[in-house]
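Taking it in order: structure first as structure tokens, then the write-up.
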2 protein chains.
Amino acid sequence: MKRGVTLKDIARKLNMSVSTVSKALSNDPTISLPTRARVKKLADEWNYIPNEAARHFKLSRTSTIGLIIPDLMDQYYALAINGAEKVAGQHQYNVIIAQSHEDPGREDEIVDLMLRNRVDGLLVAISKKREDMSVFKKTAYTGIPVIFFARPPKEDGFDAVISDNEHGAFKATEFLIKKGHKQIGYIMGPESMSVSYTRLDGYRRALDKYKLPYNGALVKSVDFTQEATFAAMRRFMKMATPPTAFFAFKNYIALDAIEYLKRKHPALLQQIDFAGFGNLPLLQYLDHKPVASIEESSYEMGEEAARLLLRTIHEEIPEEGRPVQHIQISCKLLVHK
Amino acid sequence: MKRGVTLKDIARKLNMSVSTVSKALSNDPTISLPTRARVKKLADEWNYIPNEAARHFKLSRTSTIGLIIPDLMDQYYALAINGAEKVAGQHQYNVIIAQSHEDPGREDEIVDLMLRNRVDGLLVAISKKREDMSVFKKTAYTGIPVIFFARPPKEDGFDAVISDNEHGAFKATEFLIKKGHKQIGYIMGPESMSVSYTRLDGYRRALDKYKLPYNGALVKSVDFTQEATFAAMRRFMKMATPPTAFFAFKNYIALDAIEYLKRKHPALLQQIDFAGFGNLPLLQYLDHKPVASIEESSYEMGEEAARLLLRTIHEEIPEEGRPVQHIQISCKLLVHK
DNA sequence: TTGTATGCGTTATCAA
DNA sequence: TTGATAACGCATACAA
């Protein structure tokens, strides 16, 4: 049988009604066991495959959630997807994935596509450059819940699951202080990202707690290019008393900073410590690496986000009556070697 | 308007028929411009979102292709996805992604799910342990074309896009030979993967070409665990004349091998060269790294696979009459530093 | 230029 | 225990 066997085909062959076949296949107890068996047997022989489009259409429910991330190449998101998929699967939900490639325009299209496909809810790690949140307001308006994760929107009023960046930064800085460092630089992320500042807060709180003075000159923002990091390091190392340790916004940045030292100040390489966000599996192969990483539990974040979304989907409370929901996932300090 | 505005809602409000509204929205020239404008205006105001489930159902075509890979965390596949998505997008096809996590059972479920969702075709990088290809035969039987990529099935008779592993292995080995090495080990991948042998062929051809004898003792298979690689290295280094260079099935394996030397034979570290498959961005930060990588163009592979699939979908020739299609993507030799 | 009618495959309700 | 029927939202052939 080519072109999709349907219930009707089976019904005709067995001289029963379509509804009987439908019920038999879904194990409806009002259908006699022998009938169920006959139907299943033929369905199997004929390779019957239910048409989900028709089911969804009929049921006006897809049991599918949409997941939008900036970039699949970033393992951080890949891991979050795994977490979300696990939770979704446990509730018989499917997940469809799409990437914005950091393009807000593409992101808009994806949201539209997913709404047209009638996903039951949306999980979104927003693209870096998004300013206008109207698409998501429109989404909320249609009654499709949206949970943001990892990358919260700048604007308030949206449900979100993010890692506890402030405390992670605190822990990293504290670790360096406890190792005896008194002059600690913060290689900050882009100023356009709110997380850069959240981590700055944690850095400052650690300094405060251990009575170390805060010095603005010890904080330099970089984008994620190697050149920017090199430039920042050049300026750091020109200071009268350069930092003896650095807290890096991301470990990728720390690696570039270490690379700079390798090239320009090899003698200092052993004495200067780094700690940064993001645990990278390949770190173990490096001879010179950060002494500690702050690991964001992105798997757990994916799980939490999915859980929150499913809860919201099944919520009876109307959108308006519900308070904004925020969940923070704690970060782990990982000491290397 | 909650719960999905439909064409009917719009039609009722504007006192027209559903079909007029439908045509107006799809810019049918038989509908007058003013009517089209009125319809579009209200559709916009009311936030009309077409129900794709209904369209698919009606059109019995989803313009969607399913993409199944073992693991999203592997950037190799993530990149292939990007390539496939690009090509699919150019032909107004959507892509849905799912991971098997190397579990053939899960893989079966995914295939089933995708068939139920009536994807127009399937792109599959098969899970490592799959033996039984019956699911895919069944798929072919339903008329849904399947293109395998990256990981070809062992069995013959399936369309596939893979990288030219044989020639890649040849190039890596040749590079080591040209560097002056005469005793070159091959740290082979799992024996359950056909690629392991394909690369062995390339290795042997290079030896042949440069009149070096092939020695079975210089080939040791490992799974991807560090322990296995350590064990293999231990045996290699116990040989009367140990290899002075290694061709590694994967660079991850090469890194473990280097790690072994670091711990057990630090003196030899500088003299022993490695070359392996898979370029890793983080390689640049390593002090001890392979001298060369074979880069598989997975992006290009994704593109090719998608192109082949779309071509097959639009093919008029029936399944049976079509010869098996195979495409090879060439690999690039990348010398480091 | 617009409207009517039909059917895509499935499930749910109700009747037999 | 089974069957008839309607309905989900949309696109299309055909009629007006």
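In what follows, chains carry the letters A, B, and so on, assigned in the order in which the sequence lines appear, proteins first and then strands, with residues in each chain numbered from 1. Here the structure is a predicted model, which means the values were calculated and not measured.
Note on A:T35: every side-chain N or O is 4.0 Å or more away from OP1 and OP2 of D:dT1. One finds a side-chain N or O of B:T20 lying less than 4.0 angstrom from the OP1 or OP2 phosphate oxygen of C:dG3. Contact annotation: A:S22 reaches the phosphate of C:dT11 (side-chain N/O to OP1 or OP2, under 4.0 Å). The phosphate of D:dG9 has neither OP1 nor OP2 within less than 4.0 Å of any side-chain N or O from B:T6. For A:R55, a side-chain nitrogen or oxygen approaches OP1 or OP2 of C:dT11 to under 4.0 Å.
The base of C:dG7 lies outside donor-acceptor range of the side chain of A:K8, with no N or O pair under 3.5 Å. No donor-acceptor contact under 3.5 Å links the side chain of A:K58 to the base of C:dA12. In the interface, the side chain of B:S19 is paired with the base of C:dT4 through a donor and an acceptor atom under 3.5 Å apart.
The distance between atom CE of A:M16 and atom P of D:dT5, rounded to the nearest whole Å, is 19 Å. Note: CH2 (A:W46) to P (C:dG9) measures 14 Å, nearest angstrom. Between the CD atom of A:E52 and the C1' atom of C:dG9 there is a distance of 11 Å, rounded to whole Å. Following rounding to the nearest Å, A:I31 (CD1) and D:dA4 (C1') show an atom-to-atom distance of 13 Å. The interatomic distance linking A:L25 (CG) with C:dT11 (P) rounds to 8 Å, in whole Å. As rounded to whole Å, 15 Å separates atom C1' of C:dG9 from atom CZ of B:R116. Whole-Å rounding puts the A:N27 CG to C:dT11 C1' distance at 16 Å. At whole-Å resolution of the value, CG in B:D9 and P in D:dC8 are 10 Å apart.
Taking a cutoff of 4.0 Å between a charged side-chain nitrogen and a carboxylate oxygen, A:E155 and A:K137 qualify as a salt bridge. Electrostatic pairing of A:E303 and A:K86 counts as a salt bridge here, judged by a charged N lying under 4.0 Å from a carboxylate O.
Taking the side chain as every heavy atom from C-beta outward, A:L308 and A:F149 never approach each other to under 4.5 Å.
Using bins of under 30°, 30° to 60° and over 60° for the plane-to-plane angle, the ring pair B:F57/A:F57 lands in the tilted bin.
The listed nucleotides are C:dG9, D:dA11, C:dT11; the one nearest the side chain of A:F57 is C:dG9.
Heavy atoms of A:N15 sit under 4.0 angstrom from primed sugar atoms or phosphate atoms, though from no base atom.
When each of B:S60 and B:S32 is assigned the nucleotide of DNA chain C bearing its nearest heavy atom, the one mapping closer to the 5' terminus is B:S32.
Put simply, OG on A:S127 and CZ on A:R106 are 12.0 Å apart, with the number rounded to the nearest 0.5 Å.
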